[in-house]
Amino acid sequence: MEYESVGCFKDRANGRAIKKVDGKYYPDFPGGSLLIDDYKKRQQAIEKCAVFAKLKGYKMFGIQDGGMCVTSATAHETYNKYGESQDCKSDGKGGLLANQVYRFLERKGKFMFCDNRG
């Protein structure tokens, strides 16, 4: 799974640019317990959010305030709702009301078809 940062973007507590998915348990979903711990103490916050978003089939995800995961099916359309921000920290985990946003890279290449007809 590959992803890259697209930048730092402003957010608001009311009317979030990308939906907060942190602190919830998703019992009917593989990886549903990845985000139930305290995000400020979470180890591998970026990676866990990436796995959650990828398993959901989403195109983008973000990290805010040191580890809070934000993602949704429409994140790729709404992440820049409030414009760019300079408030993300250099660790890749956003800042206060600032999302460090990532997108998944699409694999492009040739595929080979094989069969067993001799």
Side-chain angles (χ1 to χ4, degrees):
M1 171 179 52
E2 295 179 83
Y3 51 86
E4 68 181 3
S5 174
V6 296
C8 181
F9 296 88
K10 295 176 187 173
D11 200 11
R12 295 185 182 162
N14 295 320
R16 291 203 178 272
I18 306 173
K19 180 181 173 185
K20 175 184 168 187
V21 294
D22 234 86
K24 298 177 185 172
Y25 175 59
Y26 300 85
D28 298 327
F29 175 68
S33 64
L34 284 171
L35 305 172
I36 59 172
D37 56 337
D38 179 358
Y39 74 81
K40 292 204 179 242
K41 297 177 184 175
R42 182 173 297 144
Q43 298 294 312
Q44 299 178 315
I46 300 169
E47 293 82 359
K48 287 179 179 178
C49 188
V51 167
F52 182 87
K54 188 69 168 178
L55 287 172
K56 283 285 200 180
Y58 299 158
K59 296 178 181 181
M60 298 182 99
F61 66 95
I63 303 293
Q64 185 179 129
D65 195 24
M68 183 174 77
C69 182
V70 295
T71 188
S72 72
T74 60
H76 62 286
E77 299 168 352
T78 63
Y79 72 93
N80 60 356
K81 182 177 183 178
Y82 303 115
E84 292 186 24
S85 175
Q86 301 298 316
D87 295 331
C88 290
K89 301 205 170 52
S90 61
D91 62 3
K93 298 180 192 174
L96 185 61
L97 294 178
N99 294 323
Q100 186 72 45
V101 178
Y102 298 88
R103 72 178 172 106
F104 292 107
L105 300 176
E106 294 182 24
R107 290 245 174 211
K108 294 180 181 174
K110 297 180 180 179
F111 295 92
M112 181 185 294
F113 176 77
C114 297
D115 65 21
N116 57 1
R117 289 186 273 178

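Quick caveat: nothing in here was measured; it's all calculated off a predicted structure.
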Does one hydrophobic cluster hold both [X] and [Y], with members joined at side-chain heavy-atom distances below 4.5 Å?
{"X": "V70", "Y": "L97", "value": "no"}
{"X": "L55", "Y": "Y3", "value": "yes"}
{"X": "M1", "Y": "L35", "value": "yes"}
{"X": "V21", "Y": "I63", "value": "yes"}
{"X": "F104", "Y": "L34", "value": "yes"}

Count the heavy atoms belonging to other residues, nucleotides or ligands that lie under 6.0 Å from [atom1] of [X], then report whether that count exceeds 12.
{"X": "Q86", "atom1": "CD", "result": "no"}
{"X": "K59", "atom1": "NZ", "result": "no"}
{"X": "E84", "atom1": "CD", "result": "no"}

Does T71 reach the main-chain N or O of K20 with its side chain, forming a donor-acceptor pair under 3.5 Å?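 Answer holds: no.
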Just verifying a value: how many Å separate [X] [atom1] and [Y] [atom2], rounded to the nearest 0.5 Å?
{"X": "Y79", "Y": "R103", "atom1": "OH", "atom2": "CZ", "value": "9.0 Å"}
{"X": "Q64", "Y": "L96", "atom1": "CD", "atom2": "CG", "value": "7.0 Å"}
{"X": "R42", "Y": "I36", "atom1": "CZ", "atom2": "CD1", "value": "9.5 Å"}
{"X": "E106", "Y": "E2", "atom1": "CD", "atom2": "CD", "value": "12.0 Å"}
{"X": "D11", "Y": "R16", "atom1": "CG", "atom2": "CZ", "value": "5.0 Å"}
{"X": "N99", "Y": "K81", "atom1": "CG", "atom2": "NZ", "value": "12.0 Å"}

Look at the aromatic rings of F61 and Y102 and report parallel, tilted or perpendicular, splitting at 30° and 60°. parallel
Would I46 and Q100 count as a side-chain contact (heavy atoms from CB on, under 4.5 Å) here? Give the steps. CA-CA 10 Å; I46 300 169; Q100 186 72 45; over 6 Å; no
Locate the shortest heavy-atom distance separating A45 from G67; write the atom from each residue and the value. CB-CA, 3.8 Å
For C69 and D22, the nearest pair of non-hydrogen atoms, with its separation, is N-OD1, 2.6 Å
Between F52 and Y58, is the ring centroid distance below 6.0 Å? no
